[in-house]
There are 2 protein chains.
Amino acid sequence: MNDTTAPPYQHSTDEAIAIVGVGLLGGSIAAAVRQRGLGRSVIGVGRDRTRMDAARQAGLIDVGVTNLAEAAAVSRLIVFCTPVERIVDGVREAAVHCRPGTLLTDVGSVKGVICRELADGLPPGVTFIGSHPLAGSEKQGFEYADADLFERRVCVVTPHAETSADSLRRLVAFWSALGLTVVPMSADVHDTALAQTSHVPHVAAAALAAALADSNRPLAATGFRDTTRIAAGDPDLWVGILLNNADEVVGGLDRFAGMLQEYRRAIAARDAPALRQLLQRAKANRDALDSDPNHAL
Amino acid sequence: MNDTTAPPYQHSTDEAIAIVGVGLLGGSIAAAVRQRGLGRSVIGVGRDRTRMDAARQAGLIDVGVTNLAEAAAVSRLIVFCTPVERIVDGVREAAVHCRPGTLLTDVGSVKGVICRELADGLPPGVTFIGSHPLAGSEKQGFEYADADLFERRVCVVTPHAETSADSLRRLVAFWSALGLTVVPMSADVHDTALAQTSHVPHVAAAALAAALADSNRPLAATGFRDTTRIAAGDPDLWVGILLNNADEVVGGLDRFAGMLQEYRRAIAARDAPALRQLLQRAKANRDALDSDPNHAL
C-alpha cells in the first residue's frame with residue numbers, strides 16, 4: 001500500500017485535512033487542528049452552504065465546501081463526523097476521489113457495522129480505520145465547538161486484520177496530537193463496551209426523563225438533572241447509534257433490567273443489608289471512576 | 001398555640017438556631033444562617049465532640065454540643081439534618097426540652113413516615129413541620145458545606161391539618177431567607193413526586209454504576225459520569241431514604257422498567273420511528289427542565 005511510505009501524521013503539515021460534517025464534534029476537531037497547527041488547511045464539508053460559510057466565518061475551517069469529491073481529491077486525511085448511518089456511504093463516495101495514501105476515519109459511536117462494511121472494497125492505497133473519540137456533549141452545532149474538547153479524553157481506534165501498521169500509526173498520531181489517549185481494540189469489543197458505558201445509560205436517562213410528570217418538574221433537582229442530561233441529545237443521532245448496535249444494547253438493557261430487579265427485591269422486602277450491599281457496590285464502582293488518574297473530571 | 005404570637009422568623013435575630021447533624025446539608029444551613037445574619041447564634045449538635053469542634057473551628061457554627069437537650073432548651077428553631085431514620089426519635093427527644101413557641105423541622109428526603117409520626121404527641125406549643133430543601137450533593141461532611149447551596153433551589157414544606165398558619169409562616173420565612181423558593185404540599189404528595197424525581201433515578205444510577213465492568217472503566221466518558229454521579233452518595237443514607245419510601249419507589253421502579261421495555265421493544269424490532277418518538281419525548285421533557293426560568297443550572 002502506498003501509505004507505507006507516508007510520513008507520520010504530525011509531519012504532514014503541507015496536507016489538507018477534511019472534516020465531513022461540521023457540527024459539535026467536527027467543529028471541535030477543526031478548531032483543535034487549527035489551534036495546534038496540525039494541518040496546512042482544514043476543509044469543512046457539509047450539505048448546507050450557509051452553515052459552511054458560517055463555520056468559516058467562525059474561524060473553525062479554512063474553506064467550506066458542499067462537494068465531498070472536491071475535498072476528497074486534495075486531502076490526505078478525511079474525518080467523517082456525520083451521523084453513524086451515513087458514514088459508510090460517505091466513505092465509499094469519498095474514497096473513489098482520493099489519492100493513494102489517503103487515510104479516512106470517522107467519529108461514530110458504533111464501530112462494528114461501519115468497520116465490517118469498510119474492511120475492503122476501497123481503492124488501492126486508500127485506507128479506512130474506525131475511530132471513536134469519547135468526547136462530546138448533548139449540545140448540537142459547531143457553535144458549541146471547543147478546541148480543548150479532546151484534552152485527556154480517550155479515543156478508541158478499531159483497526160482490522162488488513163490494516164497496515166503505518167496507517168494505524170498515522171491515525172494514532174493524529175488523535176494523540178489532539179490530546180487524546182488512543183486505545184486500539186476490535187470494533188466488536190468496542191460496541192460491547194460502549195453498550196454498557198454509553199448506549200444503555202442513554203436509554204436509561206431517556207426513560208427517566210420521559211417518565212417525569214410536568215407537575216413534578218419543580219421537584220427535579222441536581223441529581224435528576226445530572227442523571228438525565230444526556231437525554232437532551234439529538235434523537236435522530238441516537239436512533240442511528242442504538243439501532244446500529246441493537247443486539248448489544250438489547251442485551252445490555254436486559255442485564256440492566258435484571259440489576260434493577262435486585263434493587264426492587266431488596267426495597268420491596270425492606271431488606272436493608274441487601275440494599276446496602278447493592279448500593280455499596282455501586283458506590284465503589286462509581287468512586288473508582290473518579291479516582292482513575294487518566295480520567296480526572 | 002403559643003407560637004401564634006411569635007414574630008416572623010426574620011425578626012427573631014435574638015434567638016439561637018440549632019442544627020442537629022452538621023454534615024454537608026447541616027453545615028451549609030449553618031454557613032448560610034451566619035453569612036446572612038439570620039440568627040443570634042448557631043448551635044451545632046452532633047454525636048462526635050471532635051467533629052463539633054472542627055465545625056466550630058471551620059467557622060460554620062458558634063458553638064458545638066453533643067447534648068441535644070441542652071441545645072433544644074435555648075433554641076427557637078431546630079433543624080434536623082440527620083439521616084431520615086433518626087429524625088423522628090431526635091425530634092421527640094428534643095421536643096420535651098423545648099420552650100413553647102419552638103419550631104422544629106428537618107431536611108429529610110422522605111416526609112410521609114416522619115410527618116405522620118410527628119403530627120401529634122409533641123409538648124404544647126412545640127411544633128414540627130417537615131421540610132425538604134432540594135439541594136445537596138453526593139459529597140459528605142461539613143468540609144463541603146456551602147453557604148450558597150440553597151440559592152434558587154426549591155424547598156418543599158409539608159404542613160398537616162393541625163399546623164398553625166404562624167408556624168408555617170415562620171418556616172417559610174426561614175427557608176426563603178436562605179434563598180430557597182418554598183413549595184408547600186402534603187407529605188404523601190412529596191413522597192410520590194420524589195420517588196420519580198430522585199429515588200428511582202438514584203436506583204437507576206446505582207444499577208448502571210454497579211453494572212460497569214472494571215475493564216470498561218476507561219471507556220466511561222462524561223455521559224456515563226453524569227448519569228451515575230449520584231451513585232457515589234452515602235449508601236447508609238440511601239438505604240434509609242429508599243426503605244422509608246419503599247412503596248412509592250417500588251411502584252416507580254415498575255413504571256421505569258415498563259418504560260425501558262418500550263425502548264427495548266423498539267430497538268429489538270429495529271423500529272426507527274417508534275424509537276425516535278420515544279427519544280423525542282424524552283428530549284422534550286429534559287429540555288423543558290432547563291428552560292424553566294426558576295431552575296437555571
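Chain naming here is simple, since letters A, B, ... match the order of the sequence lines and numbering starts at 1 in each. Atoms considered below: every heavy atom in the structure, side chains included; atoms not considered: hydrogens, waters and symmetry mates.
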With rounding to the nearest 0.5 Å, note down the distance linking [atom1] in [X] to [atom2] in [Y].
X: Asp236(B); Y: Arg276(A); atom1: CG; atom2: CZ; result: 4.5 Å
X: Leu253(B); Y: Arg265(A); atom1: CG; atom2: CZ; result: 12.0 Å
X: Arg270(B); Y: Leu242(A); atom1: CZ; atom2: CG; result: 11.5 Å
X: Asn216(B); Y: Asn285(A); atom1: CG; atom2: CG; result: 10.5 Å
X: Trp238(B); Y: Gln280(A); atom1: CH2; atom2: CD; result: 15.5 Å
X: Phe224(A); Y: Arg286(B); atom1: CZ; atom2: CZ; result: 7.5 Å

Given the options [options], which has more heavy-atom pairs under 4.5 Å with chain B than any of the others?
options: Asp271(A), Leu260(A), Thr192(A); value: Leu260(A)
options: Leu278(A), Asp214(A), Asp254(A), Val183(A); value: Asp254(A)
options: Ala246(A), Gly223(A), Ser198(A); value: Ala246(A)
options: Ala284(A), Ala205(A), Ala272(A); value: Ala272(A)

Tell me, side chain or backbone of [X] under 4.5 Å from chain A's heavy atoms, or both, or neither?
X: Arg255(B); value: neither
X: Ala213(B); value: both
X: His132(B); value: neither
X: Leu208(B); value: both
X: Leu194(B); value: side chain
X: Val189(B); value: neither
X: Asp247(B); value: both

Kindly give the heavy-atom pair with the smallest separation between [X] and [Y], and that separation in Å.
X: Ala232(B); Y: Asp287(A); value: CB-OD1, 3.6 Å
X: Leu134(A); Y: Ala221(B); value: O-CB, 3.7 Å
X: Ala220(A); Y: Leu289(B); value: CB-CD1, 3.8 Å
X: Thr227(B); Y: Pro201(A); value: CG2-O, 4.2 Å
X: Ala204(B); Y: Phe256(A); value: O-CE1, 3.7 Å
X: Leu243(B); Y: Ala266(A); value: CD2-O, 4.2 Å

Quiz item: With chain A, which of Ala268(B), Ala209(B), Pro235(B) has the greatest number of heavy-atom pairs at distances under 4.5 Å?
Solution: Pro235(B)
Exercise. Could you tell me which of Ile230(B), Val203(B), Val156(B), Val239(B) has the largest number of non-hydrogen atom pairs under 4.5 Å with chain A?
Key: Val239(B)
Practice problem: Please list, chain by chain and in numerical order, all residues satisfying side chain to side chain contact (heavy atoms under 4.5 Å, CB included) with Leu25(B), sequence neighbours excluded. | Solution: Val107(B), Leu149(B), Phe150(B)
Practice problem: Could you tell me which residues satisfy salt bridge (Lys or Arg N to Asp or Glu O under 4.0 Å) with Asp191(B), sequence neighbours excluded, listed by chain and number? | Solution: none
Quiz item: Are Asp226(B) and Arg225(A) close enough for a salt bridge, meaning some N to O gap below 4.0 Å?
Solution: no
Quiz item: Are Lys283(A) and Asp234(B) ion-paired here, with the side-chain N under 4.0 Å from a carboxylate O?
Solution: no
Exercise. Report the C-alpha separation of Leu219(A) and Met185(B) in whole Å, then their side-chain angles, then the decisive distance to 0.1 Å, and conclude whether the side chain to side chain contact (heavy atoms under 4.5 Å, CB included) test is met.
Key: CA-CA 11 Å; Leu219(A) 303 180; Met185(B) 63 181 68; 3.7 Å; yes
Practice problem: For side chain to side chain contact (heavy atoms under 4.5 Å, CB included), just list the numbers for Thr222(A) and Arg153(B), CA-CA rounded to whole Å, side-chain angles, deciding distance to a tenth of an Å, and then say yes or no. | Solution: CA-CA 10 Å; Thr222(A) 326; Arg153(B) 302 294 177 178; 3.4 Å; yes
Self-check item: Residue Val249(A) versus chain B: region with a heavy atom under 4.5 Å
Solution: side chain
Exercise. Step through the shown structure and confirm whether more than 12 heavy atoms of other residues, nucleotides or ligands are within 6.0 Å of CD on Gln277(B).
Key: no
Quiz item: Between Gln196(A) and Ala211(B), is there a donor-acceptor pair closer than 3.5 Å when you use the side chain of the first and the backbone of the second?
Solution: yes
